[in-house]
Amino acid sequence: MNHLKLVIKEIMTEKKDVFLSVLFGFLAGITAIALFGSSGYLVSKAAFAPPLYTLAFLIAGLKLMGFARALSCYGERYFSHRATFTMLSNIRVSFFEKLEPLAPRIFQKYRSGDLLARIVGDVESLQNFFLRVFYPPIILLLVFLSTIFFVAFYSWWIAFILFAGLILTGLVIPAWFARRQKKLDSRIRESRAELSTDVTEFLYGFLDLKIYQKLQGKKQRLHDTSNRYIAEQEREGKTAMFNHSINSMVSFTVSWFVLAVGAYFVTAEQLDGVFLAMLVMISLTMFENALPMAVLPGHLEDNRRAAKRLYSVVDEESEPNTIIEKKLPAGQALSLAFQEATFTFPGEDRPALKEVSVDLPAGSKTAIVGPSGSGKSTLMQLLLGVIRPDKGKILADGVNLSEVEQENLWAKINVVLQENHFFYGTIRENLLIADGALTDKDMEAALERVELDHFSLDDAVFEKAENLSGGERQRLAVARAMLKGERLWLLDEPVSSVDVLTEKTIYEHIFSLAKKDTLVLISHRLTGLENMDKIIVMEQGEVVEAGSFKELMEKQGYFYEMKQIEKNVLM
Amino acid sequence: MNDLKKLAKAHAHDRILLFIIALLTGVMVIGQAYLFVAAVDRIFLQKYSFLEVLPVLLVLLAVMIARAGLTYWSGRTGVQMASKVKRDFRQSLLNKYSRNPIQASFQGQSGQKVSVILDAVDEIDSYFSQYVPQVIQTSVVPLMIIGTAFYHHIYTGIIMLITAPFIPAFMIIIGLKTKKKSEEQMDEMAAFSGRFLDILQGLTTLKFFGRAKQQHEAIRESSLNFRDATMEVLKIAFISSLSLEFISMLSIGIIALEVGIRLIVFESISFFTAFFVLVLAPEFYNSLRDLGSAFHTGRGSMGAAKKVSEELTETEQVVEWGDTPFRYTDKPPVIELKEAGFRYKEEGFALKGISAVLSSNQQIAIVGRSGAGKTTLLHLIAGLIGPTEGIIEVDGRSLFSYEEAGWFEQLSYISQHPYLFAGTLSDNIAIGTNEAATRYEIERAAEKAGIQELVESLEAGLDTAIGEGGRGLSGGEKQRVALARAFLKKPSVILFDEPTTGLDLHTERILQASIEALAKNSTVITVAHRLHTIRNADQILFLENGKLIAQGSHEELLAGNQEYRNMVASHRGGIAQ
């Protein structure tokens, strides 16, 4: 519930739209009641053959109310939807403000790639909060109370019955449904997750299942899981129908009591019979406003969960506020050093890096090689300060990275990651991220260096740059890093999808730009490493060898053997 | 749409039930109005005593409760029908995929197929659970109301008859207009709505470039633009319900006016009749309007249904097996390819005219550039796909004359990316055999495949959960688990798709040693990427563009085939040197 408070706070910033939605919602509800109530009155009155002008007057009034009601409905819908979408915008911004300082470290905690899509989805699902949870009860209350107030002029008893109806449909029944809903939801999600796992295994593991003769068994299992899931869905669907029917049954019954009690009072001559039809019509119409209350518990539960999941991402995670305001010197190449750094990913029992100690002097060029999973990229993330070592230290220019302000560190690095993000827009916009003051000429020169000069700066970049090939994306990322022009280069497999000749040219450009800078290059391939000052060979989180290309080849150790295998592999 | 209609027809039983429920609902709607009016009339005009009206009131209460009950019943029937349809659909999809599956993994569409089985099937739900019951309801109840109106007061019936078509007509006109408008807005909306995700995904990049702080405005702006674009579309939808509201208001007004004039001016009808038609009229128009919203939910299902039926009508190339039992001997079988070829649908040949004899206990290397058809040939030999031309013989009989189980019983296939199932490490090794393996055998297999070190480093050892939801293994470790499966199974034929990239040294050594050990008692057919594998092969099948252009030993091919020489020469010594 606490998390929903944050959502309510965002809603309340849109006071005007909220007020207008409630106002029109109220008008729509009350005019409908007036409309049907007066038509009941009209027809009863007409039975006594009143003068024609009464009839004309009433029918004109009826028409007017009909139009007022339709227009109010329109206004209600318009303003409530506008408020909702504005609210979503506010939630996005405020959530981003919370998330931004925690990135990118927070992404380490959630290794599954769908965290971001989930955030987006959760924000979207909150749109139901205002529309289906927040303001229907307000309308219900306003409409009911004013109607009951009106009815009290005719009969206290009937007003009381209506009030009891309000308590039943507005409070008791939703609370009852909410309790049932909670159990149902968790079962449905569990069975869906189970089905999803089974389907994924069935299709992705098909070959192995088929060869090992496990296909029939798996199919049967999948079939059972699917049936269980469908049974849960069916139960949910039936519950929804049941809730709906119970709600309308209660509404009908209350109206029936109004009729019965009204009838009794008319026969007892405590109520004028001309009002009887009106009162029942009012009751029947009034309860239409209670219909949304049947679906409210379901939406409330959904939204509660979405809000909880959403804000729990940014909730915890406040950095221990130790000294983190140290700054690195500007405009010079930095030395880097690992001192017995150990790091284990949360939830894993094997460390990704084990007591790694390495010295990279200022201005040196270092390559880190090793098979996949050996800890190369973990090393890079430690250098970027995205993760912190569990034990040991990482130093830049002799300063412990844990004490350096992150923004200050990042400002000094030209970085190319394995997966680089590009934004929807143009090539120019994506390069300007490196430095807002760049001229077109600078950018065109950079494109030329990475052999992307067939692109113009105005060319479009689609979402996730899916209109560019893997190699083009990598080259664009290298160009962006070059344009940043800082003195520390961290490159994680920067050109792995680029053909050999282009790779060579790009490396030449990088090395000529980085002549006096510190450079760390992670590479899966073992080619083009002859000129590095040092090659660090990693396996299973440990440094198994280090030295220049020549030294390692002469030593005929791990690197040498890896090199032999690479020569041996025919692509 | 048509697929769903056909399906809905198939559930005639449920439709009849829904029709009966609709009829009963109609009776209750009319009965409710009738009894209500009757009660008011008797109390108010006829001056009955309370006790005299009580029976009418009690029947009215029963009718009202029955009406709510019928709503539940109708909804419940719809939900049940939806369940049946979903069950059938998923069943057919599963059957389809399990018959004809390898093509799917060929084309790397597994992700898409997962979404068809899971999401598309789910999305069909609302068509059956909401749309169908509502359509049946709407085609019955208004007709009954209009009939009642004609019976009691013919002019009301006529007014209803004339005004009713305006509602669907208007709905169609507005629907078409909204469609056009929303298509216009669609691109814009997609662009704005994607922006938030785009920025979140790029947050790491933005931070590294020191540009994250400035993004608030971009998010706000794109969200508000999205709001405005959406409101444009919604406004039309709201105006459409506004006009529908006006139409029904106007129609009810006309009915009220006509009834009122007759009641007061001409005094030609009774209070009862006048009140009765006035109560019925809103029920009539509401019921028509509900169809509109049901139609909206139904339309969402149609896209999903189309996806599912497209999958189901996709042609398949089924492999039919025979019933000859596979004879086990100590000697691996002789496999012979006679002019075998494979083509996938109309897409041209992946393999054509392959003839080769793979003798018992040989080591065979399949070699060729990427796209030459190496893996397809491996699948063909495995019997995962059937040749579209020629024949594959095993021990002198067609491969497909044997029992499927018998063939696979003595076959292992080690792919480049072995799949790990959710379960323990031990389960994942034991999947190699159909017989219950003892713990000792599994441990031995793990040891032979060089994973004992990994096992020892894990707290739970062989009982560590891996695969989906479990611990991740590196590429090299997965390869070794696949090897352990083969060691446990002791097959007579091993198909091996050698990894294209270098693994860690440990795994490389183990792979090499294990394949040599396994080859002692088996035929090993490898899609080879390593020179030592190729050199050690008794026979090399050299493929180019789906054709077998040379076969023989490494030396023979080097001496006799220019293409082969070129390929080996261009790669020897690694790339770019």
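No hydrogens, no waters, no symmetry mates; every other heavy atom, side chains included, goes into these values. Quick note on labels: first sequence line is chain A, next is B, and so on, each numbered from 1. Predicted model, so just to flag it, every value in this text is computed and none were measured.
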Problem set entry | Option in A/Asn420, A/Val280, A/Val415, A/Leu88 with maximal non-hydrogen atom pairs under 4.5 Å from chain B | A/Val280
For this session: Give, as side chain, backbone, both or neither, the part of B/Arg211 having an atom under 4.5 angstrom from any heavy atom of chain A.
Result: side chain
Problem set entry | Proximity breakdown for B/Val53 and chain A, heavy-atom pairs closer than 4.5 Å | neither
Exercise. Are there more than 12 heavy atoms of other residues, nucleotides or ligands under 6.0 Å from atom CZ of B/Phe44?
Worked result: yes
Exercise. Checking A/Leu35 against chain B: side chain, backbone, both or neither under 4.5 Å from a heavy atom?
Worked result: side chain
Exercise. Parallel, tilted or perpendicular for A/His81 and A/Phe85, by the 30°/60° rule?
Worked result: tilted
Problem set entry | Worked check of side chain to side chain contact (heavy atoms under 4.5 Å, CB included) between A/His421 and B/Leu206 | CA-CA 9 Å; A/His421 188 84; B/Leu206 289 166; over 6 Å; no
Exercise. A/Lys484 versus chain B, heavy atoms under 4.5 Å apart: side chain, backbone, both or neither?
Worked result: side chain
Exercise. Counting N and O atoms only, with roles assigned by atom type, does the side chain of A/Trp410 sit under 3.5 Å from a partner on the main chain of A/Leu384, one being a donor and the other an acceptor?
Worked result: yes
For this session: Give a yes or no answer on whether the side chain of A/Arg77 reaches the backbone of B/Ile239 with a donor-acceptor pair at less than 3.5 Å.
Result: no
Seminar exercise, completed: So, the part of B/Leu257 with a heavy atom under 4.5 Å from chain A: the answer is both
Problem set entry | Inter-residue atom distance A/Lys210.NZ - A/Gln216.CD, 0.5 Å rounding | 8.0 Å
Seminar exercise, completed: Honestly, the part of A/Ile91 sitting under 4.5 Å from a heavy atom of chain B is neither
Exercise. Are the side chain of A/Ser196 and the backbone of A/Arg192 linked by a donor-acceptor contact shorter than 3.5 Å?
Worked result: no
Seminar exercise, completed: Checked B/Gln201, B/Lys86, B/Arg195, B/Met249 vs chain A; the most non-hydrogen pairs under 4.5 Å come from B/Gln201
Exercise. Counting only heavy atoms not in A/Tyr264, do more than 12 fall under 6.0 Å of its OH?
Worked result: no
Exercise. Considering only heavy atoms, which portion of B/Leu200 lies under 4.5 Å from any heavy atom of chain A: side chain, backbone, both, or neither?
Worked result: both
Exercise. At a heavy-atom separation under 4.5 Å, does B/Arg90 approach chain A through its side chain, its backbone, both, or neither?
Worked result: side chain
Exercise. So what's closer than 4.5 Å to chain A heavy atoms on B/Ser412: side chain, backbone, both or neither?
Worked result: both
Seminar exercise, completed: From the list B/Ile43, B/Ile219, B/Thr71, B/Leu61, the residue making the most non-hydrogen contacts under 4.5 Å with chain A is B/Leu61
Problem set entry | Which of A/Val274, A/Leu99, A/Val266 touches chain B most, by non-hydrogen pairs under 4.5 Å | A/Val274
Exercise. With a 4.0 Å cut-off, would you call A/Glu100 and B/Lys213 a salt bridge?
Worked result: yes
Problem set entry | Contacting moiety of B/Leu94, where chain A heavy atoms sit under 4.5 Å | both
Seminar exercise, completed: Cut-off 4.5 Å, heavy atoms of chain B, and the answer for A/Phe422 is backbone
Seminar exercise, completed: Residue from A/Asn90, A/Val199, A/Val250 scoring the most non-hydrogen pairs under 4.5 Å with chain B is A/Val199
Problem set entry | Greatest number of heavy atom pairs closer than 4.5 Å to chain A - which of B/Gln32, B/Glu245, B/Arg76, B/His216 | B/His216
Problem set entry | Sidechain-backbone polar pair: A/Trp256 side chain, B/Leu57 backbone, donor-acceptor under 3.5 Å | yes
For this session: Using a cut-off of under 4.5 Å on heavy-atom pairs, state which of A/Glu407, A/Glu124, A/His223 scores highest against chain B.
Result: A/His223
Problem set entry | B/Ile199, part contacting chain A, at a heavy-atom distance under 4.5 Å | both
Exercise. Chain B heavy atoms under 4.5 Å from A/Arg480: which part of the residue, side chain, backbone, both or neither?
Worked result: both
Exercise. Quick one: of B/Gln80, B/Glu217, B/Glu409, B/Glu459, who has the most non-hydrogen atom pairs under 4.5 Å with chain A?
Worked result: B/Gln80
Problem set entry | Residue B/Glu404 versus chain A: region with a heavy atom under 4.5 Å | both
For this session: Specify whether A/Phe242 and B/Tyr72 have parallel, tilted or perpendicular ring planes, treating 30° as the upper limit for parallel and 60° as the lower limit for perpendicular.
Result: perpendicular
Exercise. Any idea which of B/Leu70, B/Ile261, B/Thr204 has the most non-hydrogen atom pairs under 4.5 angstrom with chain A?
Worked result: B/Thr204
Problem set entry | Plane angle bin for B/Phe271 and B/Phe275 - parallel if under 30°, tilted between 30 and 60°, otherwise perpendicular | tilted
For this session: Supply the atom-to-atom distance B/Phe421 CZ to A/Tyr212 OH, rounded to the nearest 0.5 angstrom.
Result: 9.5 Å
Seminar exercise, completed: Bottom line for B/Ser129: the part with an atom under 4.5 Å from chain A's heavy atoms is neither
For this session: Test B/Arg530 against B/Glu508 for side chain to side chain contact (heavy atoms under 4.5 Å, CB included), laying out the working first.
Result: CA-CA 10 Å; B/Arg530 280 161 184 66; B/Glu508 287 281 353; 2.8 Å; yes
Exercise. So which of B/Phe238, B/Trp73, B/Tyr48 has the biggest tally of heavy-atom pairs under 4.5 Å with chain A?
Worked result: B/Phe238
Problem set entry | Part of A/Leu417 lying under 4.5 Å from any heavy atom of chain B | side chain
For this session: Start with the C-alpha distance between A/Asp208 and B/Ile431, add both sets of side-chain angles, then the distance that settles side chain to side chain contact (heavy atoms under 4.5 Å, CB included), and finish with yes or no.
Result: CA-CA 9 Å; A/Asp208 296 77; B/Ile431 199 174; 5.8 Å; no
Seminar exercise, completed: Among A/Pro101, A/Ser374, A/Gly66, A/Ser44, the residue with the most heavy-atom pairs under 4.5 Å to chain B is A/Ser44
Problem set entry | Portion of B/Leu411 that has a non-hydrogen atom of chain A nearer than 4.5 angstrom | both
Exercise. What distance separates B/Leu454 CG from B/Thr464 OG1, expressed to the nearest 0.5 Å?
Worked result: 8.0 Å
For this session: Let me know which of A/Lys219, A/Lys214, A/Lys218 forms a salt bridge (charged side-chain N to carboxylate O under 4.0 Å, His left out) with A/Glu201.
Result: A/Lys218
For this session: Measure B/Arg42 against the heavy atoms of chain A and call it side chain, backbone, both or neither at under 4.5 Å.
Result: neither
For this session: Counting only heavy atoms closer than 4.5 Å, note whether B/Phe226 contacts chain A via side chain, backbone, both or neither.
Result: side chain
Exercise. Can you tell me how far CG of A/Leu203 sits from NZ of B/Lys113, rounded to the nearest 0.5 angstrom?
Worked result: 8.0 Å
Problem set entry | Top of A/Phe257, A/Phe202, A/Phe36 for chain B proximity - count of heavy-atom pairs under 4.5 angstrom | A/Phe202
Problem set entry | Interface moiety of B/Leu51 toward chain A, non-hydrogen atoms closer than 4.5 Å | neither
